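Reading through the structure tokens given below for one structure.
These figures come from a predicted structure and were not determined experimentally. Just the heavy atoms: all of them, side chains too, but no hydrogens, waters or symmetry mates, feed the values below. Each chain gets a letter, A, B and so on, in the order the sequences are listed, and its residues count up from 1.
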Amino acid sequence: MATFSLVDGNNFYVSCERVFNPSLENRPVIVLSNNDGCVVARSNEIKKLVPIGAPYYQYRKVCEQHNVKVLSANYALYGSLSDKMMDCFQYFCPNRELYSIDEAFLRWEDKADQDRVEQALLLRNTVKRWTGLPVSVGLAPTKTLAKVANHIAKKKTKEGVFDIRDKDVQEKILADFPIEDIWGIGRQLTQHLQKRGIYTAKALRDSDASLLRRTFSVVVERIIYELRGIACLDLETAQPRKSILSSRSFGTPVTALGDLEEALSHYAANACVKLRDQKSRAQRLSVFLRTSPFNHSEPFYQKSHSCSFSTPTHDTRLIIQAAKRCLKRLYKPGLRYQKTGILLMDITEESVTQTDLFAATENKKSDRLMQRVDTINNLFGRDTVHFAAQGIQRPWHMRSDHRSPRYTTCWDELPRVKAI
DNA sequence: TCTGGGGTCCTAGGACCC
DNA sequence: TCTGGGGTCCTAGGACCC
């Protein structure tokens, strides 16, 4: 039997900020989502007072009162530190699944002479030394239990490592573990299960798996088996995305079609870069447009429209054109729009693209152009060259009032060291 | 005034085929 | 009046994750 670990950065975004700004240690810090809208990360000092996901404006006062350092999201920084952290994991265990920006599953092949807890501690210390980031490790026979163990490691241990492989330990921990904290049990399932008198992970584990499968879905059945220590989920290798979304809320509401077109073109170009990065093309796209769902003094409007290409493409020009056509069908004058976006679908590998027998093929020329654009932007920074449709002034640009420097990805923003 | 962004998987139901 | 059985594919919507 193999052992699974879940390794996960503690308060990841906050920790990334602290790596380059030690004055943030031991003081309350929060990180906001794009547009400075919601709270997406909190340091331990402020967790009790500010809930995750809360709209920031509702907690601005609390933050002022407690001298909280408020930061805008700096994804360039978090992404680059994440890469370094994942490299460290690889050094310890080659069987690795990158699960999210701050988490990875590891699978260790069990050998009698190896002390996994010892190794987990070493991994933790090494990651801290090499990247400055604190992580927690959970050890278990299944991924779902590794998630549980990680939870305990973070909340209840000093060392940041917890081993739940022992059956007796499982009994004890699961008896106190609320179902809403189980990986895969969200708000809806929690409510439904609680109505049936199931409140703890232990109660769920000991339920009738096939009955709950019939009532809910195979997903719940799998969770039950995983809690029993029977692995249903293995590591997953990275696959190319099946859909690519690019969207943003506007810094201030937008009313003019021209501004919407510029913003949408910008997101479309962004989506195309992601598409080409994974060497794919898309055959269908969908555009959506909406007003603010929170502003009850104005009517809420939300609609999407999709269209297809005769052959899959990754040409930004074609995708911008098509997106703008969709947008025109959605646009109603007089509304204050809050967000638009584009979803690329029916994505296929570049190399196996089926071409249209009757269409003029301009593919090679288009491929070359896109390649040049990407090369220039990779070399000199994103947006060095862009499409005119994306606009220049960008009045719809998102708010980001408290962003730290992009220390690791931008030449102009490298950290400076002062000689004394 | 001010509420993120980007994904995946599963299921049900309809359309369609022979 | 009486109208089969079995299968696939597609889509929309829901739920979940970080």
Task: Enclosure of A/Gln393 CD (heavy-atom neighbours >12, cutoff 6.0 Å) - done: no
TODO: Any strand is fair game: report the nucleotide pairing with C/dT11 by Watson-Crick or G-U wobble, both distances under 3.5 Å, or none.
DONE: B/dA12
Task: Contact nearer the 5' end of DNA chain B, comparing A/Gln58 with A/Leu343 - done: A/Gln58
Open item on the list: Using a 4.0 Å heavy-atom cut-off, does A/Ile52 contact any base of the nucleic acid, only the sugar-phosphate backbone, or nothing at all?
Closed with: nothing
Open item on the list: What contact category does A/Leu32 fall into here, base, sugar-phosphate, or nothing, at under 4.0 angstrom with non-hydrogen atoms?
Closed with: nothing
- [ ] Find which nucleotide of DNA chain B each of A/Arg336 and A/Ser243 is nearest to by heavy atoms, and output the residue with the more 5' nucleotide.
- [x] A/Arg336
Open item on the list: Classify A/Gln239 by what it touches in the nucleic acid, base, sugar-phosphate, or nothing, heavy-atom distance under 4.0 Å.
Closed with: nothing
Open item on the list: If the threshold is 4.0 Å, N to carboxylate O, is there a salt bridge linking A/Arg406 and A/Glu413?
Closed with: yes
Open item on the list: Heavy atoms only, 4.0 Å cut-off, all strands: where does A/Tyr56 land among base, sugar-phosphate and nothing?
Closed with: nothing
Task: Bounds of contact between DNA chain C and chain A, in 5' to 3' order, using a heavy-atom cut-off under 4.0 Å - done: C/dA15 to C/dC18
TODO: Determine the contact category for A/Arg213: base if any of its heavy atoms lies under 4.0 Å from a base atom, sugar-phosphate if only primed atoms, P, OP1 or OP2 are that close, otherwise nothing.
DONE: nothing
TODO: Just call it for A/Ile101: base, sugar-phosphate, or nothing, with non-hydrogen atoms closer than 4.0 Å on any strand.
DONE: nothing
Task: Under 3.5 Å donor-acceptor, A/Lys332 side chain and A/Tyr301 backbone - done: no
Open item on the list: Using a 4.0 Å heavy-atom cut-off, does A/Ser246 contact any base of the nucleic acid, only the sugar-phosphate backbone, or nothing at all?
Closed with: sugar-phosphate
Open item on the list: Using the side chain to side chain donor-acceptor pair (under 3.5 Å) definition, which of the options A/Gln321, A/Gln390, A/His386, A/Arg276 pairs with A/Thr316?
Closed with: A/Arg276
Open item on the list: Would the distance check show the side chain of A/His266 and the main-chain N or O of A/Glu262 forming a donor-acceptor pair, the cut-off being under 3.5 Å?
Closed with: no
Open item on the list: Using a 4.0 Å heavy-atom cut-off, does A/Asn34 contact any base of the nucleic acid, only the sugar-phosphate backbone, or nothing at all?
Closed with: sugar-phosphate
Open item on the list: Please report the distance separating the C1' of C/dG4 from the corresponding atom of B/dC16, rounded so that it comes out in whole Å.
Closed with: 16 Å
Task: A/Ser15 side-chain N/O to A/Asn10 backbone N/O, donor-acceptor pair under 3.5 Å - done: yes
TODO: Answer with base, sugar-phosphate or nothing: what part of the nucleic acid does A/Asp102 contact at a heavy-atom distance below 4.0 Å?
DONE: sugar-phosphate
Task: Check ion pair A/Glu45-A/Lys69 (N to O, under 4.0 angstrom) - done: no
